[in-house]
Amino acid sequence: MTALSLEFLLAAIVLVSLIFYALTGGADYGAGVWTLFARGASSNSWGPAQRRLIGDAIGPIWEANHVWLILVVVVLFTAFPPVFSLITTRLHIPLTLALIGVVLRGATFAFRSYHVPKQAAYPGWETIFALTSLFTPLWLGVSLGAIASGALGSEADTFYAGFMRPWLAPFPFAVGLLALALFAFLAAVYLILDTKEPPLQEIFRRRALPAGWTAVGLGVIVFMLAKRGAPHIYANLTGTAWGWGLLALTALLILGAIGALWRRRYVAARLASAGSVTALLGTWALAQLPYLVEPILLADAAAPPLTLRWLLAALALGAVILFPSLYYLFLIFKGRTILQDVAAEERRAKPRG
Amino acid sequence: MLSDLLAARMQMAMSLAFHIVFAAVGIAMPLMMALAEWHWLRRKEEIALTLAKRWAQGTAILFAVGAVSGTVLSFELGLLWPSFMEWAGGIIGLLFALEGFAFFTEAIFLGIYLYGWTRVPPYAHLAAGVVVAASGAASAVFVVTANAWMNTPTGFLLSADLPPRPIQIDPIAAMRNPAALWQVVHMLLAAYAATGLLVAGIHAFLLLRDPRNRFHQLAFSISLLVGGVPALLQPLTGDLLTRMVAEHQPVKLAAFEGLFQTEQGAAFRLGGIADMEAGEMRYALEIPGGLSLLLHFDPDATVQGLDAVPLDQWPPVGIVHLAFQAMVASGVAMAAVSLWAGSRWWRRRSLYESRPLLWAIVLASPLGFLAIEAGWTVTEVGRQPWIIQGVMRTAAAVTPMPGLIVPLITMTALYLFLSAVVLWLLFRHIAASPQTVRRPPVIRLERRRKAA
């Protein structure tokens with residue numbers, strides 16, 4: 001029983017790290033996507049201001065946000081070596097594509113920040129940064145969709161069957177697009193509160209609303225495709241009361257976020273949008289059980305208990321350092337604005353109430 | 001056509017060779033910028049603040065590329081060597097988890113350092129820089145310890161079945177593997193020495209053209225301190241590490257030295273070309289009894305040669321021997337230049353006036369990174385054909401995915417492109433450093449005080 005709970009705890013930590021990655025690193029991808037819409041004079045006169053806002057918003061934090069992905073990887077290969085091995089073997093192609101995106105995106109963002117004094121190279125770096133911000137989450141999402149589909153355990157007798165079929169299917173691609181839409185939605189919602197300029201806020205509100213609706217639409221498509229594309233998860237979700245309950249919660253949160261945006265309640269929108277992504281990932285993870293990654297059962301996947309205990313100790317020690325540091329980072333670069341926003345929103349809400 | 005195994009090895013080697021440069025810079029540069037900022041806070045010399053900011057700007061680019069290329073490596077462990085990770089994840093994964101937190105801390109405080117100049121108080125800002133420097137070093141400790149485990153694996157027993165599985169895993173015993181201590185110290189010193197002397201060389205070159213430029217004088221002093229002291233210590237740790245290899249990986253040591261036959265009173269061989277078929281080193285300069293003397297303080301001691309194991313367990317001797325000698329030669333040259341600079345400082349308290357010394361440092365400046373790449377080749381190629389010494393062959397670890405030449409070419413092209421861009425950006429960055437700045441700060445400060 002002890003061993004089982006250790007495994008469950010570590011699987012939960014992988015999930016929590018993945019959620020943090022989606023909420024922070026994911027939104028950084030989304031912010032990159034929005035630079036595509038903030039270009040030159042053709043779009044609108046606020047183009048440069050939008051780009052500056054995006055650069056300032058993610059500049060100090062994107063590298064820290066990115067480490068959540070590394071944490072997912074290292075906890076996975078320490079605690080569940082066979083699962084990591086299975087994922088990296090069968091999803092070699094989409095993961096390599098995602099990595100190319102990660103490298104180009106991170107590097108060009110740094111190059112871009114360095115070039116701020118309006119130099120000729122600047123738009124080039126920005127274009128690569130924006131396109132790879134689109135490209136990377138798509139392939140990460142496809143990989144996640146392939147894992148969710150349960151196809152990693154299929155026969156691998158040919159190259160196609162082994163290394164293409166697990167991810168080359170409608171369901172993984174729908175998940176990839178959903179990830180992209182959700183990240184763009186999160187980013188637009190976050191960016192509204194990263195600026196004090198009402199016109200800029202309005203621009204990102206008008207971006208967030210369609211992104212939110214797109215995510216809702218894609219979510220419905222993913223759900224419908226899951227019947228054939230991810231049968232184990234679909235059966236778990238539609239065959240149980242908790243499954244329906246979690247699906248309803250996820251839907252309620254994202255619709256609530258869209259509603260809050262509509263009513264310009266930006267703090268509420270931020271909380272609800274982050275909540276919806278959290279709920280979605282949590283729902284997926286619970287629906288995978290009793291597998292960690294199909295066909296490997298959580299109970300069979302773990303490294304020996306001694307390793308798990310030391311890993312938990314290391315993670316606890318790390319968390320003691322990490323969370324205060326993260327809090328300090330966000331307090332320095334985000335804290336003041338958010339606290340002011342909460343106060344401002346309360347002031348605005350009062351006359352109505 | 002390249003075999004998949006060779007393609008995977010080349011991709012891993014290329015990824016590591018690329019990343020290690022940025023990783024080493026990420027360890028040493030934060031220390032240098034923190035020292036520059038500390039100098040500014042203590043002495044109020046404005047140019048030191050300019051220097052800290054300019055070093056921080058350069059570090060920002062290098063750290064970003066290091067962060068993403070490090071991410072690639074964490075995935076490539078599985079993408080290229082899934083069987084290795086499945087076998088070893090439970091034993092050494094803990095080190096990577098610790099490294100993950102060190103990296104987290106480094107990224108968080110680098111964000112504060114780079115973007116927080118006006119947002120946090122000066123000493124908090126300096127402290128952020130110190131945390132970046134410390135966590136960069138901690139990352140190296142964890143990662144190199146994991147690599148050391150591949151050389152001298154401990155912390156498990158082998159099961160009776162075939163192929164054997166690890167049983168009775170103890171991740172803490174794995175951390176205390178015999179190679180860890182000296183490999184870690186050697187790599188940390190290498191990072192400081194290579195980065196410090198490279199930067200010192202750049203500023204020495206600029207001082208040769210503009211000797212009174214205070215900006216370059218200060219940059220030169222700090223980087224020479226950070227690079228020179230480790231460069232002086234490095235031959236000692238290299239010697240200790242070689243003794244460890246002689247004890248635990250005698251075949252690897254034989255490859256270092258090009259020692260085909262077990263010899264009593266083994267000669268030290270300088271240079272030479274390995275003739276694998278004849279089983280001897282050709283054209284090498286031999287110092288009779290030299291190797292035995294170096295390793296055992298006894299010119300007649302016996303040193304085990306490659307012939308002690310079957311041919312299919314030999315590493316590629318030619319590459320390993322060449323890389324080992326390139327590393328040692330670079331290290332000795334760097335130590336010599338550092339000694340020269342140190343003695344000049346000791347006797348005359350001056351560093352910038354000697355043009356021969358400046359030229360020597362310019363010439364020595366690329367040697368550190370050459371030595372790092374060579375040293376990495378020595379430790380990795382020298383372990384072949386094993387991925388885990390004596391336990392798992394590299395061929396048994398490789399992914400079943402075919403066509404690995406495609407990711408190899410793609411990643412190589414990507415890294416070549418990034419290398420070119422980074423070099424171009426750094427070149428422009430250095431070219432834009434401040435023109436001649438004299439040294440008037442003390443006077444200016446007094447004037448300000450009077451005015452106040």
Side-chain angles (χ1 to χ4, degrees), chain A residues 59-67 69-71 73-82 84-89 92-93 95-96 99-100 102-107 109-111 113-115 156 159 162-163 302-304 306-307 310-311 314-315 317-319 321-322 325-326 328-329 332-333, chain B residues 57 60-61 63-65 67-72 74-79 82-83 85-94 96-101 103-105 107-112 114-116 119-120 168-172 399-403 407 410-411 414-415 418 421-422 425 429:
Chain A
I61 54 169
W62 76 271
E63 276 164 322
N65 294 344
H66 178 76
V67 186
L69 177 63
I70 294 177
L71 200 63
V73 168
V74 298
V75 176
L76 204 59
F77 72 53
T78 309
F80 309 107
F84 179 70
S85 171
L86 179 72
I87 292 172
T88 49
T89 303
H92 187 111
I93 295 169
L95 286 175
T96 300
L99 281 178
I100 291 169
V102 163
V103 169
L104 270 176
R105 179 176 172 279
F109 183 75
F111 299 162
S113 314
Y114 185 74
H115 267 288
F159 174 74
F163 304 100
L306 188 64
T307 298
W310 277 113
L311 179 61
L315 291 168
L317 179 76
I321 299 166
L322 173 65
S325 306
L326 272 180
Y328 184 51
L329 176 76
I332 291 170
F333 295 106
Chain B
Q57 256 183 325
I61 297 175
F63 185 82
V65 177
V68 292
S69 59
T71 310
V72 170
S74 67
F75 275 90
E76 275 178 347
L77 287 173
L79 291 173
S83 310
M85 287 313 289
E86 186 166 353
W87 211 92
I91 309 173
I92 53 167
L94 188 58
F96 288 98
L98 291 169
E99 194 269 344
F101 282 108
F103 183 31
F104 241 133
T105 316
I108 289 170
F109 286 92
L110 189 73
I112 294 171
L114 293 177
Y115 290 84
R119 286 179 183 248
V120 294
Q168 299 193 28
I169 289 173
D170 179 354
I172 303 301
T399 178
M401 163 95 184
T410 315
M411 295 307 286
L414 180 63
Y415 281 174
L418 290 184
V421 175
V422 168
L425 285 176
H429 182 70

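Letters A, B, ... are given to chains in the order of the sequence lines, protein chains preceding strands, and every chain is numbered from 1.
- At a 4.5 Å heavy-atom cutoff, the contact between L414(B) and chain A is made by side-chain atoms alone.
- Both the backbone and the side chain of P400(B) come within contact range of chain A, each with at least one heavy atom under 4.5 Å from a heavy atom of that chain.
- Looking at Y115(B), the atoms closer than 4.5 Å to chain A (heavy atoms on both sides) sit in the backbone and in the side chain alike.
- Between the CD1 atom of I108(B) and the CG atom of L110(B) there is a distance of 11.0 Å, given to the nearest 0.5 Å.
- In this structure, L322(A) CG and L315(A) CG are separated by 10.0 Å, a value rounded to the nearest 0.5 Å.
- Side-chain N or O atoms of T399(B) include none that pairs as donor or acceptor with a backbone N or O of P82(B) at under 3.5 Å.
- Of the atoms belonging to V65(B), it is side-chain heavy atoms, and not backbone ones, that fall under 4.5 Å from chain A.
- With sequence neighbours excluded, the residues forming a side-chain hydrogen bond (donor to acceptor under 3.5 Å, both in side chains) with E86(B) are S85(A), listed by chain and number.
- Residue F75(B) forms a side chain to side chain contact (heavy atoms under 4.5 Å, CB included) with just one option from T96(A), L69(A), I87(A), and that option is L69(A).
- Interface residue I172(B): only side-chain heavy atoms are found under 4.5 Å from chain A.
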Does the pair V68(B) and R105(A) meet the rule for a side-chain contact (heavy atoms from CB on, under 4.5 Å), with working shown?
-> CA-CA 9 Å; V68(B) 292; R105(A) 179 176 172 279; over 6 Å; no

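- The most heavy-atom pairs under 4.5 Å with chain A, out of T105(B), T410(B), L77(B), V120(B), come from V120(B).
- In terms of heavy-atom pairs under 4.5 Å with chain A, the best-connected choice from S83(B), G70(B), A97(B), A88(B) is A97(B).
- Between chain A and the residues V421(B), L418(B), L98(B), the most heavy-atom pairs under 4.5 angstrom are made by V421(B).
- At a 4.5 Å heavy-atom cutoff, the contact between L104(A) and chain B is made by side-chain atoms alone.
- In this pair, F63(B) and F103(B) present their aromatic rings tilted. The plane angle is within the 30 to 60° band.
- At a 4.5 Å heavy-atom cutoff, L114(B) makes no contact with chain A through either its backbone or its side chain.
- Interface residue T71(B): backbone and side-chain heavy atoms are both found under 4.5 Å from chain A.
- Note: F96(B) leads Y415(B), F109(B), F96(B) in heavy-atom pairs under 4.5 Å with chain A.
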